[in-house]
Amino acid sequence: MSASDDPRRVHFQSPEYLVDRLDAIADLFDKDRTDLLVEAIREYIEDTADSETFQELVATKYYDDQLDFETVKQLVGAESAQRLRLLKKDLEDEPLDLAAPDDIDIYDGKATTVDADDER
């Protein structure tokens, strides 16, 4: 068991009917209530982290400096967090000082136009 897997005791309030149902399910599967809670939390976190809305929210808050990199890594995983860090760095960089393109006719004078209203 790694340090991040060490159990931590938490205390929270829950409606009694949910605890009763959870206990009944635990008895049915011959499992411990804690195991079912941990499994449910894990599934919820995985489902949430995979949602596009969640990913966009994390990215927006990271770009706005409301989340630090380590938190982003916990929320979306190391690979996605690294992509966000690279993109953020790219967005913060000054634009490249490139000269405007030369006035070159890329169509070599043979451009064809199409009327979108024409029926074929």
Side-chain angles (χ1 to χ4, degrees):
M1 194 180 286
S2 73
S4 65
D5 289 339
D6 289 343
R8 179 188 291 181
R9 179 173 296 277
V10 295
H11 175 81
F12 62 93
Q13 300 286 330
S14 175
E16 188 173 345
Y17 77 93
L18 287 178
V19 176
D20 291 343
R21 287 185 72 189
L22 182 64
D23 287 342
I25 293 170
D27 288 343
L28 182 67
F29 288 109
D30 195 30
K31 288 188 169 187
D32 186 75
R33 176 197 305 163
T34 299
D35 294 337
L36 292 179
L37 284 170
V38 169
E39 182 180 328
I41 291 168
R42 184 179 295 119
E43 286 179 17
Y44 175 81
I45 289 171
E46 287 173 4
D47 289 347
T48 300
D50 287 342
S51 89
E52 189 174 326
T53 303
F54 179 79
Q55 299 269 336
E56 289 172 2
L57 179 61
V58 169
T60 299
K61 290 194 176 278
Y62 179 60
Y63 296 149
D64 290 342
D65 294 322
Q66 295 176 14
L67 291 175
D68 64 20
F69 179 73
E70 289 304 316
T71 302
V72 172
K73 200 160 67 169
Q74 287 179 341
L75 293 171
V76 296
E79 187 176 326
S80 293
Q82 186 63 28
R83 279 195 305 271
L84 291 175
R85 183 188 337 203
L86 292 172
L87 183 55
K88 181 179 181 181
K89 179 69 176 150
D90 191 36
L91 292 171
E92 290 171 347
D93 280 344
E94 291 295 320
L96 297 174
D97 187 20
L98 299 175
D102 292 333
D103 205 15
I104 299 174
D105 184 5
I106 62 171
Y107 297 107
D108 195 27
K110 300 175 188 170
T112 306
T113 59
V114 175
D115 186 2
D117 294 330
D118 284 348
E119 291 186 35
R120 293 186 178 208

Result block: side-chain N/O donor-acceptor pairs under 3.5 angstrom for residues 8-31, not counting sequence neighbours:
unit_1: D23; atom_1: OD1; unit_2: R33; atom_2: NE; d: 2.7
unit_1: D23; atom_1: OD1; unit_2: R33; atom_2: NH2; d: 3.1
unit_1: D23; atom_1: OD2; unit_2: R33; atom_2: NH2; d: 2.9

Linking I/L/V/M/F/W/Y whenever any side-chain heavy atoms sit under 4.5 Å apart, do [X] and [Y] land together?
| X | Y | result |
| --- | --- | --- |
| V76 | L57 | no |
| L36 | I41 | no |
| L67 | F69 | yes |
| I45 | L75 | no |

Worksheet entry | Closest approach of Y62 to V72 (non-hydrogen atoms, all atoms of both residues) |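 Closest pair (atom of Y62, atom of V72, distance): CD1-CG2, 3.6 Å.
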Fill in: F54 to T48 - nearest heavy-atom pair and separation
CB-O, 3.1 Å
Practice prompt. Output yes when a side-chain donor or acceptor of D32 lies under 3.5 Å from a complementary backbone atom of T34, and no otherwise.
Written response: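 The answer is yes, because a donor-acceptor pair under 3.5 Å joins these two groups.
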Worksheet item: With the threshold set at 4.0 Å, does a side-chain nitrogen-carboxylate oxygen contact exist between R42 and E46?
Response: no
Worksheet item: Salt bridge check: are K89 and E92 linked by an N-O gap of less than 4.0 Å?
Response: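 Here K89 does not pair with E92 in a salt bridge, since their nearest N and O are not under 4.0 Å apart.
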Practice prompt. Please examine the side chains of Q82 and R85, heavy atoms only from C-beta on, and report whether any two atoms are closer than 4.5 Å.
Written response: yes
Item to complete: Give the intermediate values and the outcome of side-chain contact (heavy atoms from CB on, under 4.5 Å) for residues L84 and K73.
Response: CA-CA 10 Å; L84 291 175; K73 200 160 67 169; over 6 Å; no
Discussion item. Does E56, at its CD atom, have more than 12 non-hydrogen atoms belonging to other residues, nucleotides or ligands within less than 6.0 Å?
Written reply: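 Yes - once you tally the heavy atoms of other residues, nucleotides and ligands closer than 6.0 Å, there are more than 12.
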